[in-house]
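Right, one structure below, let's go through it.
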There are 2 protein chains.
Amino acid sequence: MTRTARYLLALYIAEHRSSPPIPSGRIAELVDRSPAAATEMLQRLETDGLVDLEAYRGATLTDDGLERAADLHGTYVALSWFFRDVLDLDAHEHEAMEMAGLLSAEVADRLVHLLVDGNGRPDVDARLDADGPLDLPTLSTSRE
Amino acid sequence: MTRTARYLLALYIAEHRSSPPIPSGRIAELVDRSPAAATEMLQRLETDGLVDLEAYRGATLTDDGLERAADLHGTYVALSWFFRDVLDLDAHEHEAMEMAGLLSAEVADRLVHLLVDGNGRPDVDARLDADGPLDLPTLSTSRE
DNA sequence: GACTCCGTTTAGGCATACCTAAAACAAAAA
DNA sequence: TTTTTGTTTTAGGTATGCCTAAACGGAGTC
């Protein structure tokens, strides 16, 4: 069930771009898998109570799913920041997404704090509602 | 084939503790899997030319395997350092081992340089020949 | 109202990586 | 030399996560 995190994060991001339900085809694009794979995984997520699924219409995060996804997104943002600003690597958002679900809670937590404590309060929602094919967290310290 | 890295790293460490061939049972312990699982994976590694396998005796890294394993070990050491000295987390060597094989070459490389450049030349071999149930890279800046 | 199109879901398969239980083996004890 | 003991390997099976091709459904067109 390691991959569930990847789909949860994709759905979280998609829901910030357009309103749910999010069709499985869009999730498939975001995780770079076949539509069939996305459908299957969304069904598993529904079984786990993390997603509401309306056949032929799409998926919506449940409260539980939203909670997990928000955590994952925080980790993802921290990793993206780390790759870009610490390791000086661009275009590693994809790897950040893949890795977000693989870190232990401790490591994820410390990484997020490393970012927050060292950079003021970063606006984690930054760019969530922005344009672009991928969620590129710029980590500006405030937005509105 | 993501898990191959885990076994390769275990074998690398084991070979520094006692002389090869390393019996599959010992690898099984190091990766926390059943002996049967270790045997199977070692057979796959042999097929891939990364390991020499003598039935009922054990495995030895080939030159190719050694090369890959040494890289993995470098990444592992860097991750361990990062978890301990940057994130201030102890007892995360296990996670470092699991993660070492999951990082892209770029990220692994930058992470290693982050460690090397910021800490003098760390002795990557430190503790490889030391006692203890796990390989705990202390990252002292020199040894002999 | 029937048809066409396009996206979604189901069906059938496959690779990886694991497990338990049974068989095979090697080395030491009797 | 035979037996016992402990380890390794094989056999058979399972879960996850993916794929392609076929079937299905819905929305707009004729």
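All chains are named by letter (A, B, ...) in the order of the sequence lines, taking the proteins before the strands, and each is independently numbered beginning at 1.
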- Task: Rounded to the nearest 0.5 Å, what's the gap from CD1 on B:Ile27 to CG on B:Leu9? Could you check?
- Result: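 Nearest 0.5 Å value for the CD1-CG distance: 10.0 Å.
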Please give, in whole Å, the distance from [N] [atom2] to [X] [atom1]?
{"X": "A:Arg57", "N": "C:dT9", "atom1": "CZ", "atom2": "P", "result": "11 Å"}
{"X": "A:Glu54", "N": "D:dC24", "atom1": "CD", "atom2": "P", "result": "22 Å"}
{"X": "B:Asp48", "N": "C:dA15", "atom1": "CG", "atom2": "P", "result": "15 Å"}
{"X": "B:Asp32", "N": "C:dC19", "atom1": "CG", "atom2": "P", "result": "8 Å"}
{"X": "A:Leu53", "N": "C:dT9", "atom1": "CG", "atom2": "P", "result": "6 Å"}
{"X": "A:Glu46", "N": "C:dT9", "atom1": "CD", "atom2": "C1'", "result": "13 Å"}
{"X": "B:Glu40", "N": "D:dA11", "atom1": "CD", "atom2": "P", "result": "11 Å"}
{"X": "A:Leu45", "N": "D:dT16", "atom1": "CG", "atom2": "C1'", "result": "13 Å"}

Hey, does the side chain of [X] come within less than 4.0 Å of [N]'s phosphate (OP1/OP2), counting only N and O?
{"X": "A:Arg3", "N": "D:dC18", "value": "yes"}
{"X": "A:Tyr7", "N": "D:dC18", "value": "yes"}
{"X": "B:Ser24", "N": "D:dT9", "value": "yes"}
{"X": "A:Arg33", "N": "D:dG17", "value": "no"}

Select base, sugar-phosphate, or nothing to describe what [X] touches, counting heavy atoms under 4.0 Å on all strands.
{"X": "B:Ala38", "answer": "nothing"}
{"X": "A:Ser34", "answer": "base"}
{"X": "A:Ala36", "answer": "base"}
{"X": "B:Gln43", "answer": "sugar-phosphate"}

Under the 3.5 angstrom rule, does the side chain of [X] hit a backbone N or O of [Y] as a donor-acceptor pair?
{"X": "A:Thr62", "Y": "A:Gly49", "value": "yes"}
{"X": "A:Glu106", "Y": "B:Leu89", "value": "no"}
{"X": "B:Arg6", "Y": "B:Val31", "value": "no"}

- Query: With a 4.5 Å heavy-atom cut-off, do A:Tyr7 and A:Leu45 have their side chains touching?
  - Reply: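 Answer yes - side chains close enough.
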- Task: Ignoring the backbone of B:Tyr56, work out which of C:dA24, D:dG25, C:dA17 is nearest its side chain.
- Result: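 Out of C:dA24, D:dG25, C:dA17, the nucleotide with an atom closest to B:Tyr56's side chain is C:dA24.
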- Query: Among D:dT16, C:dT16, C:dT8, which is the nearest nucleotide to the side chain of A:Arg44?
  - Reply: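 Within the option list, the nearest is D:dT16.
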